[in-house]
Participant: 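This is the structure I have questions about; it appears just below.
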Amino acid sequence: MPELSRLRRLNLAAGSVHAISAIVVLVLANNFAVPVTAHYMTGPPGTTARQYVQLTSFHMAWLIAAFFALSAIAHFLISGPLRARYESHLARQRNPYRWLEYSVSSSLMIVAIAELTGIADVAALLALIGVNASMIGFGWMQERYETPGGGLTPFWLGCGAGVIPWLAIGVYLIGPGAHAHAPGFVYGIYVSLFVAFNCFALVQYLQYKKIGLFADYLVGEKTYIVLSFVAKSLLAWQIFASTLTATSIGH
């Protein structure tokens, strides 16, 4: 089918751009790193006695390169060795490979945004990863157990789970009682990525309500590919321009 051939070319193009982006980030970035911490009790429960421990740290460039690389690998797999299975799933109006990749790559993106707002506690980061991956899982369940024109229960459950990371990060951005706030670029990242992430939900809603062009499942599939590229690029290059270049923030 010509439509599937065009879709394959789009996947190959997206995969190539993601791969190139990962390499560029690693080549041009500095060693800007963010911590992963824990605060252990040193007194009875309910007291404020805590021991601060930095468990590890990771370079932001590697985090960004990771979600670019994961996306590139996913696009290349469904354009190559998994192409027949991918197209078979599309014929049944589903794409489990999309949700598998998103569950990892979007969770890494949430970690990057959280770290930039000052959320570094290991338990908080793990919780954000878990609830974000759950949101993606509900998106997969919507496709697995419902058909366009049917119910939207998994979709709405996913929306409920998906808002949690943004509320948690928003608390740190607002900083009630704090004397200082995050740099301006962090607010830009938060708003732009919040909009981008919600566009994914909008696409699924339009698909399952069979509204306009989205009554054709492949229109939604192409839109997902473009949205994934835009969201990852927005986050990566905003972080790159603000923290990862050799001349920024004193590094």
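Predicted model only: the values in this text are computed from it and were never measured.
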Participant: So, using salt bridge (charged side-chain N to carboxylate O under 4.0 Å, His left out) as the criterion, who are the partners of Arg85 when residues are at least two apart?
Facilitator: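 Arg85: no salt bridge (charged side-chain N to carboxylate O under 4.0 Å, His left out) contacts found.
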Participant: Please confirm whether the backbone N or O of Ser79 pairs with a side-chain atom of Arg8, one donor and one acceptor, at under 3.5 Å?
Facilitator: yes
Participant: Would you confirm whether Gln51, through its side chain, and Tyr40, through its main-chain N or O, come within 3.5 Å as a donor-acceptor pair?
Facilitator: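 Looks like no, no N/O pair under 3.5 Å.
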Participant: With Val219, which residues qualify under side chain to side chain contact (heavy atoms under 4.5 Å, CB included), at least two apart?
Facilitator: Leu213, Phe214, Asp216, Thr223
Participant: With a 3.5 Å distance limit and no angle check, can you tell me whether Thr117 reaches the backbone of Ala114 through a side-chain donor-acceptor pair?
Facilitator: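 The answer is yes, because a donor-acceptor pair under 3.5 Å joins these two groups.
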Participant: Return the set of residues passing side-chain hydrogen bond (donor to acceptor under 3.5 Å, both in side chains) with Arg50 (not counting sequence neighbours), or none when no residue passes.
Facilitator: none
Participant: So, do Ile189 and Leu116 sit near enough that their side-chain heavy atoms are less than 4.5 Å apart?
Facilitator: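 Ile189 vs Leu116: side chains touch.
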Participant: Val186 and side-chain contact (heavy atoms from CB on, under 4.5 Å): which partner among Ile113, Ile239, Leu173?
Facilitator: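 With Val186 as partner, Ile113, Ile239, Leu173 yield a single side-chain contact (heavy atoms from CB on, under 4.5 Å), made by Leu173.
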Participant: Does any part of the side chain of Leu10, heavy atoms only, come nearer than 4.5 Å to the side chain of Lys222, both counted from C-beta?
Facilitator: yes
Participant: Among pairs that include at least one residue of residues 191-206, which meet side-chain hydrogen bond (donor to acceptor under 3.5 Å, both in side chains), considering only residues two or more places apart or in two chains?
Facilitator: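 Those involving residues 191-206 are Ser192-Gln238.
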Participant: Applying side-chain hydrogen bond (donor to acceptor under 3.5 Å, both in side chains) as the test, list every pair that has at least one member in residues 128-139; sequence neighbours left out.
Facilitator: Ser106-Asn132, Ser107-Asn132
Participant: Tell me, please, which residues at least two apart from Arg6 pass salt bridge (charged side-chain N to carboxylate O under 4.0 Å, His left out).
Facilitator: Glu3
Participant: Ignoring hydrogens and geometry, is there a side-chain-to-backbone donor-acceptor pair from His39 to Tyr52 under 3.5 Å?
Facilitator: no
Participant: State, without any angle test, whether Asn11 and Tyr86 hold a side-chain donor-acceptor pair at a distance under 3.5 Å.
Facilitator: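 Result is yes, a qualifying pair exists.
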Participant: Would you please name every residue forming a side-chain hydrogen bond (donor to acceptor under 3.5 Å, both in side chains) with His18, sequence neighbours left out?
Facilitator: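 Checked His18 against side-chain hydrogen bond (donor to acceptor under 3.5 Å, both in side chains); zero matches.
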Participant: Find the distance between CD (Glu87) and CD1 (Ile78) and round it off to the nearest 0.5 Å.
Facilitator: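 If we round to the nearest 0.5 Å, Glu87:CD and Ile78:CD1 are 9.5 Å apart.
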Participant: Can you name the salt bridge (charged side-chain N to carboxylate O under 4.0 Å, His left out) partners of Glu221, sequence neighbours left out?
Facilitator: Arg98
Participant: Relative to the ring of Trp99, is the ring of Tyr102 parallel (under 30°), tilted (30 to 60°) or perpendicular (over 60°)?
Facilitator: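 It falls in the perpendicular class, over 60°.
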Participant: When you measure from the side chain of Ser233 to the backbone N and O of Val230, does any donor-acceptor pair fall under 3.5 Å?
Facilitator: no
Participant: Using the test side-chain hydrogen bond (donor to acceptor under 3.5 Å, both in side chains), find all partners of Trp166 that sit at least two apart in sequence or belong to another chain.
Facilitator: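 For Trp166 there are no side-chain hydrogen bond (donor to acceptor under 3.5 Å, both in side chains) partners, ignoring immediate neighbours.
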Participant: Go through the structure and list residues passing salt bridge (charged side-chain N to carboxylate O under 4.0 Å, His left out) with Glu101, not counting sequence neighbours.
Facilitator: Lys232
Participant: Tell me every residue that passes side-chain hydrogen bond (donor to acceptor under 3.5 Å, both in side chains) with Arg144, counting only those two or more places apart in sequence or in another chain.
Facilitator: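 Once residues adjacent in sequence are excluded, Arg144 has no partner under the side-chain hydrogen bond (donor to acceptor under 3.5 Å, both in side chains) criterion.
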Participant: Report the distance from atom CZ of Phe155 to atom CD of Glu146, rounding to the nearest 0.5 Å.
Facilitator: 12.5 Å
Participant: If I take atom OG1 from residue Thr147 and atom OH from residue Tyr217, how far apart are they, to the nearest 0.5 angstrom?
Facilitator: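 Going from OG1 on Thr147 over to OH on Tyr217, the span is 12.0 Å.
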Participant: Please confirm whether the backbone N or O of Ala84 pairs with a side-chain atom of Ser88, one donor and one acceptor, at under 3.5 Å?
Facilitator: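 Pair absent, no side-chain N/O of Ser88 close to backbone of Ala84.
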Participant: So how far is it from Leu12 CG to Phe76 CZ, rounded to the nearest 0.5 Å?
Facilitator: 7.0 Å
Participant: Table please: side-chain donor-acceptor pairs of residues 118-125 below 3.5 Å, with sequence neighbours left out.
Facilitator:
{"residue": "Asp121", "atom": "OD2", "partner": "Ala123", "partner atom": "N", "Å": "3.0"}
{"residue": "Asp121", "atom": "OD2", "partner": "Ala124", "partner atom": "N", "Å": "3.3"}

